[in-house]
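Some notes on the structure that comes next.
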Amino acid sequence: MVHREKLKVSTPQGRFDEEAKKVSGRKICQVTADGKHLFYHWTRGELAHVHLGLYGKFRVHKNPAPEPRGAVRVRMIGRERSFDLNVPNRCELIDQQAYTQLRARLGEDPLHSGACADTVWDRCNKSRAPIGSLLLNQSVIAGVGNIYRTEVLFLARIHPELPANHLDRKQFDELWERTKTLMKIGVKYNQIITLGREQRDRPLSRLAASERVNIYKRDDCPRCGSGVKSWELGGRKMYACCNCQKK
DNA sequence: TTGATTGTTACCGG
DNA sequence: TCCGGTAACAATCA
């Protein structure tokens, strides 16, 4: 995250006025992330918890920033740029206890260098849930969303409905390594890219977002050409190639 | 206008 | 009591 400057905070919709006052004019000293949760640490110990949810988005403006567009919950105004936080799922000031509790219910974050694969492996072994569902469970792995679960299972050639406790250690290790690699690429380029370089027929910049993945919302399997099957799994739309991903 | 959505949570039944 | 599945909720965009 980029907003490490002295920031004035305003709340265009007035919903967080009292909270915003507490941090207005202060400087953010650190921004951390656990899974999909962002934490803004302000200089006097205040802690803002942000979760973007399905539609949340940061919009960056050069100053003077234009009128807020859409459901802007918080505007952070720096010297040169401003940041609008649109429709986050969560945006709140929390105390240390809430912070600790929140982090405690999150699983291993593949982006953290200290993430423990064995812990995730243990959870897999104890779960009869389809691996496609388990990958969305934030208390097991924090940070994986619908696109990454679809793509890592495809790349590891694992059927999404395989019960998690039927995975062998080799399959699990491949899943874990691919998840780490893909998520790191995501951070580096600030977008989800799962298509290997050798499979691209154009430079990345000429590919639409939907063309930077293997099978998520795609019609055909890039490996064997079979039709991609889609169905609901774990409350979200799953995509898989039933030819390449055997149960 | 309608439907889908890069997600979370509470709740319910087995 | 634990676990997994489901519905409700949210605002935007194609």
Side-chain angles (χ1 to χ4, degrees), chain A residues 1 11-16 33-39 49-59 67-75 84-92 94 98-99 101-107 109-111 120 122-155 160-167 178-179 182-195 207-219 228 230-240:
Chain A
M1 300 302 289
T11 54
Q13 292 207 336
R15 287 177 53 170
F16 298 93
D34 289 281
K36 300 167 185 167
H37 301 256
L38 299 170
F39 300 98
H49 168 220
V50 170
H51 191 295
L52 296 178
L54 214 50
Y55 338 100
K57 190 181 276 181
F58 276 106
R59 286 206 174 100
E67 280 295 301
R69 217 181 91 213
V72 176
R73 301 290 184 232
V74 175
R75 166 167 284 182
D84 283 348
L85 177 54
N86 282 66
V87 280
N89 176 313
R90 282 289 167 89
C91 176
E92 58 192 353
I94 59 172
Y99 177 55
Q101 283 173 351
L102 212 159
R103 294 185 69 191
R105 65 177 165 80
L106 291 174
D109 183 337
L111 289 172
V120 182
D122 282 347
R123 290 290 299 270
C124 283
N125 272 318
K126 287 177 186 149
S127 174
R128 299 185 308 270
I131 183 63
S133 296
L134 200 75
L135 285 174
L136 285 183
N137 186 338
Q138 301 297 299
S139 74
V140 178
I141 304 184
V144 171
N146 198 23
I147 298 180
Y148 282 123
R149 74 145 174 185
T150 300
E151 295 289 314
V152 293
L153 287 170
F154 170 75
L155 291 171
E161 280 171 352
L162 182 76
N165 57 4
H166 288 197
L167 279 175
R178 286 195 182 275
T179 304
L182 291 184
M183 286 175 68
K184 281 179 187 167
I185 291 171
V187 170
K188 184 176 174 188
Y189 294 96
N190 199 28
Q191 54 186 295
I192 297 175
I193 302 163
T194 62
L195 198 65
L207 290 173
S210 60
E211 296 172 319
R212 295 169 187 178
V213 294
N214 291 286
I215 56 161
Y216 180 79
K217 284 191 184 169
R218 305 301 300 258
D219 295 327
V228 169
S230 73
W231 72 102
E232 193 131 316
L233 180 65
R236 312 293 307 280
K237 199 97 172 242
M238 182 78 223
Y239 300 81

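Naming: A, B, ... by sequence-line order, numbering from 1 per chain.
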Requested in this report: Can you figure out which of C:dG5, C:dC13, B:dT6 approaches the side chain of A:Arg59 most closely?
Outcome: C:dC13
Requested in this report: Quickly work out the A:Glu232 CD to C:dT6 P distance and round it to whole Å.
Outcome: 8 Å
Requested in this report: Would you classify A:Lys217 as touching base, sugar-phosphate or nothing, given that sugar-phosphate means primed atoms plus P, OP1 and OP2, and contacts are heavy atoms under 4.0 Å?
Outcome: sugar-phosphate
Query raised in the report: Quick one: is A:His51 getting a side-chain N or O under 4.0 Å of the B:dG7 phosphate, OP1 or OP2?
Result: no
Query raised in the report: Within the side chain of A:Asn146, is there an N or O that forms a donor-acceptor pair under 3.5 Å with the backbone of A:Lys237?
Result: yes
Report summary line: With the side chain defined as heavy atoms from C-beta on, A:Val87 is closest, among C:dA11, B:dT6, C:dG5, to C:dA11
Query raised in the report: Watson-Crick or G-U wobble partner for C:dA10, using a 3.5 Å limit on both distances?
Result: none
Query raised in the report: Given B:dG7, is OP1 or OP2 found less than 4.0 Å from the side-chain N or O atoms of A:Arg236?
Result: yes
Report summary line: Atom CD1 of A:Ile192 and atom P of B:dT6 are separated, to the nearest Å, by 8 Å
Query raised in the report: So what does A:Gly235 hit on the nucleic acid, given a heavy-atom distance under 4.0 Å: a base, only sugar-phosphate, or nothing?
Result: nothing
Requested in this report: With heavy atoms under 4.0 Å as the rule, sort A:Arg149 into base, sugar-phosphate or nothing.
Outcome: nothing
Query raised in the report: Does A:Ser127 place a side-chain N or O at less than 4.0 Å from the phosphate oxygens OP1/OP2 of C:dC3?
Result: no
Report summary line: For A:Pro130 and A:Glu161, the nearest pair of non-hydrogen atoms, with its separation, is CB-CA, 3.8 Å
**Report entry** Gap between atoms CG and P, on A:Leu136 and C:dT6 respectively (whole Å)
**Finding:** 14 Å
**Report entry** Phosphate OP1/OP2 of B:dT8: any A:Lys36 side-chain N/O under 4.0 Å
**Finding:** yes
Query raised in the report: Side chain of A:Leu54: nearest nucleotide among C:dC13, C:dT12, B:dT6?
Result: B:dT6
Query raised in the report: Within the pair A:Arg73 and C:dA11, is there a side-chain N or O less than 4.0 Å away from OP1 or OP2?
Result: yes
Query raised in the report: Quick one: is A:Tyr148 getting a side-chain N or O under 4.0 Å of the B:dT6 phosphate, OP1 or OP2?
Result: no
Requested in this report: Choose from C:dG5, C:dC13, C:dA11 the nucleotide whose nearest atom is closest to any side-chain atom of A:Tyr55.
Outcome: C:dA11
Query raised in the report: Between atom CZ of A:Phe58 and atom CG of A:Leu38, what is the distance when rounded to the nearest 0.5 Å?
Result: 6.0 Å
Query raised in the report: Angle class for the A:Phe39/A:His49 ring planes (parallel below 30°, perpendicular above 60°, tilted otherwise)?
Result: parallel
Requested in this report: Check whether any side-chain nitrogen or oxygen of A:Arg90 sits under 4.0 Å from OP1 or OP2 of C:dA10, and answer yes or no.
Outcome: no
Query raised in the report: Within the side chain of A:Gln138, is there an N or O that forms a donor-acceptor pair under 3.5 Å with the backbone of A:Gly107?
Result: no
